[in-house]
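Okay, structure first, notes after.
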Amino acid sequence: MIGWRQAGGLVPLLLAIATAQPALAQPTMAQPAPLQPVDEIQRNDVTVQSIGWKLARANALYCARVAPGIGVMLQDVRTFDDPALARQVYGLAGDIGVGAMASDGPAARAGLPLNATVESVEALAVSSLPVPRQGKWDRLFALQDALERDAARDGRVTLGLAGGQRLTIAGEPVCQVRFLMDDSKGNAGANRDTVRIGRPMAEVAKWDEAEIAALTAHELAHAVLDHQTWLEHGGSARKTEREADRLSVWLLQNAGYDPAAAMAWMRRIGPRYEILFFASPDHGSWRTRVRTMAAEIATMQAATHHGVKADWPRLFRREDGAPPMPQPAGVVDKAPMAPGAPRR
């Protein structure tokens, strides 16, 4: 959801659905239903949110930064090249909508409709924020920050929807990282707070879930090991990449993915990104990276038993010169605050 979003490709879809339903129709919240993205952009956003949620939820016991989340990414039509067209296609009664949800996250299970128009996040009204210039993300991130902050603080968050509806969603503990689809020409990246998956790299994987999970796990490893801080203090970029390759298989294992997907992903992407047979000095040869991952899988399997979670803070060996392992926060399911309860 980063970069200039192209609404031009939505025109055929708009023509197809124009007679099927009113443009501003809002779905009800009676029963949870399978997510039904209306176009490829949204389908890809849902994929990234679902994979990210699965990895972050499964590894929450081991992350140093953990907070309740609901598995939602909002969307602002002002980030599209044609906001009016985007509003029509997504059936929005305003500028802000539910752009993507984790398919097995709390919001989806609570019955929050994909493409529901959002008018407020707790006490923060969309109308109270300045309308951004077209292509700017300030308003969207202000609302997303509020949603995540309120869920983390209270264990739940209330969304005000079009038509006066309000829906309170209880959060579940996850590694405190935001997952974003990058519509720009970037590849993928992460800091301590955000994992960004570039559309070009996901397209190379042909949107195969296991391989995108491997890519996401690599970036999540950078976040949970706080490689940003290590690099800011003179750390080795090559060593952070080796650690991310190695830890990714532990994160995949805990989320129920085959850790060998990391090697499959590397075999697919590696040859495309080595220029004239020369490897990136920060990442190394893709063949070396595959061997490193294979060795780490063997180490992980020897240290764990079948069906037992991979306790990576205790069992993972950091690279020489790396800072100490961030210590797990310890997950306790936070009971949601009662609506109307006082806040500090």
Side-chain angles (χ1 to χ4, degrees), residues 47-48 50-65 174-180 187-192 194-198 201-202 204-205 208-228 230-231 235-270 273 279-280 282-304 309-319 322 325-326 328:
T47 296
V48 168
S50 297
I51 290 172
W53 176 268
K54 191 172 181 179
L55 288 164
R57 182 76 176 102
N59 286 282
L61 183 63
Y62 307 114
C63 287
R65 298 169 61 240
V174 287
C175 301
Q176 199 168 11
V177 178
R178 180 182 295 173
F179 297 89
L180 297 173
N187 44 30
N191 57 30
R192 68 177 65 91
T194 304
V195 165
R196 174 182 55 79
I197 302 301
M201 296 195 84
V204 169
D208 177 84
E209 180 182 349
E211 291 190 17
I212 295 176
L215 169 61
T216 306
H218 174 96
E219 300 304 336
L220 180 59
H222 282 307
V224 301
L225 291 174
D226 194 8
H227 283 158
Q228 178 181 350
W230 188 14
L231 291 172
S236 163
R238 181 68 174 270
K239 288 183 177 181
T240 65
E241 293 300 333
R242 278 179 52 85
E243 281 199 336
D245 282 344
R246 292 172 47 233
L247 185 61
S248 69
V249 303
W250 297 72
L251 302 178
L252 289 167
Q253 173 84 5
N254 283 344
Y257 290 107
D258 183 350
M263 297 186 293
W265 161 245
M266 189 53 57
R267 291 189 183 101
R268 184 192 295 273
I269 196 71
Y273 279 75
S280 161
D282 290 343
H283 292 76
S285 161
W286 68 267
R287 292 179 179 85
T288 299
R289 297 176 72 183
V290 168
R291 288 193 293 271
T292 297
M293 292 172 181
E296 193 67 30
I297 290 172
T299 297
M300 175 183 66
Q301 292 176 341
T304 59
K309 289 282 188 178
D311 184 354
W312 46 267
R314 184 172 62 88
L315 300 172
F316 180 78
R317 179 185 59 79
R318 299 209 66 174
E319 296 287 318
M325 174 70 73

### Query
Nearest heavy-atom pair of Met263 and Val290: which atoms, and what distance?
SD-O, 3.8 Å

### Query
Atom OG1 in Thr194, atom CG in Leu180: separation rounded to 0.5 Å?
6.0 Å

### Nearest non-hydrogen partners of Val249 and Ala262, listed with the distance
CG1-CB, 4.0 Å

### Task
Sequence neighbours left out, what passes side chain to side chain contact (heavy atoms under 4.5 Å, CB included) with Ala264? Give chain and number order.
Glu211

### Message
I need the single residue from His218, His222, His227, Arg238 that forms a side-chain hydrogen bond (donor to acceptor under 3.5 Å, both in side chains) with Glu243. Which is it?
### Response
His227

### Side-chain heavy-atom pair Arg317, Thr299 within 4.5 angstrom cut-off
no

### Query
So Trp265 and Met293, side-chain contact (heavy atoms from CB on, under 4.5 Å) or not? Walk me through it.
CA-CA 11 Å; Trp265 161 245; Met293 292 172 181; 6.0 Å; no

### Message
Could you go through Phe179 and Glu219, starting from their C-alpha distance and side-chain angles, then the distance that decides it, and tell me whether this counts as side-chain contact (heavy atoms from CB on, under 4.5 Å)?
### Response
CA-CA 10 Å; Phe179 297 89; Glu219 300 304 336; over 6 Å; no

## Note on the structure
Heavy-atom closest pair (Met300 atom, Pro259 atom, distance to 0.1 Å) is CE-CG, 4.0 Å

### Verdict with reasoning, Thr240 to Leu231, per side-chain contact (heavy atoms from CB on, under 4.5 Å)
CA-CA 8 Å; Thr240 65; Leu231 291 172; 4.0 Å; yes

### Task
List in chain and number order the residues that pass salt bridge (charged side-chain N to carboxylate O under 4.0 Å, His left out) with Arg178, two or more places apart in sequence or in another chain; answer none if no residue qualifies.
Asp145, Glu148

### Task
Without swapping roles, check the side chain of Asn254 against the backbone of Ala310 for a donor-acceptor pair under 3.5 Å.
yes

#### Entry: Chi angles and distances behind the side-chain hydrogen bond (donor to acceptor under 3.5 Å, both in side chains) call for Thr292, Arg289
CA-CA 5 Å; Thr292 297; Arg289 297 176 72 183; over 6 Å; no

### Partners passing salt bridge (charged side-chain N to carboxylate O under 4.0 Å, His left out) against Glu296 (at least two apart in sequence or in another chain)
Arg246

### Query
Rounded to the nearest 0.5 Å, how far apart are CD of Glu209 and OG1 of Thr47?
7.5 Å

#### Entry: Closest contact, heavy atoms only, Arg192 versus Gln228
N-OE1, 3.1 Å

### Message
Among residues at least two apart in sequence or on other chains, which ones pass side chain to side chain contact (heavy atoms under 4.5 Å, CB included) with Ala298?
### Response
none

### Message
Going by side chain to side chain contact (heavy atoms under 4.5 Å, CB included), name the residues that satisfy it together with Leu315, two or more places apart in sequence or in a different chain.
### Response
Trp250, Ala303, Thr304, Asp311

### Value rounded to 0.5 Å, distance of OG in Ser50 from CD1 in Ile212
11.0 Å

### Query
Taking only residues two or more places apart in sequence or in another chain, which ones pass side chain to side chain contact (heavy atoms under 4.5 Å, CB included) with Ala255?
Lys54, Leu55, Ala58, Tyr257

### Task
Answer yes or no: is there a side-chain heavy-atom contact under 4.5 Å between Cys63 and Trp312?
yes

### Task
Could you walk me through whether Leu215 and Met201 pass side-chain contact (heavy atoms from CB on, under 4.5 Å), step by step?
CA-CA 9 Å; Leu215 169 61; Met201 296 195 84; 4.0 Å; yes

#### Entry: Closest non-hydrogen atom pair, Ser248 against Ala221
N-CB, 4.4 Å

#### Entry: Validation row: Leu247, Leu225 side chains within 4.5 angstrom (heavy atoms)
yes

## Note on the structure
CD1 of Ile51 to CD1 of Ile197, rounded to nearest 0.5 Å, is 8.5 Å

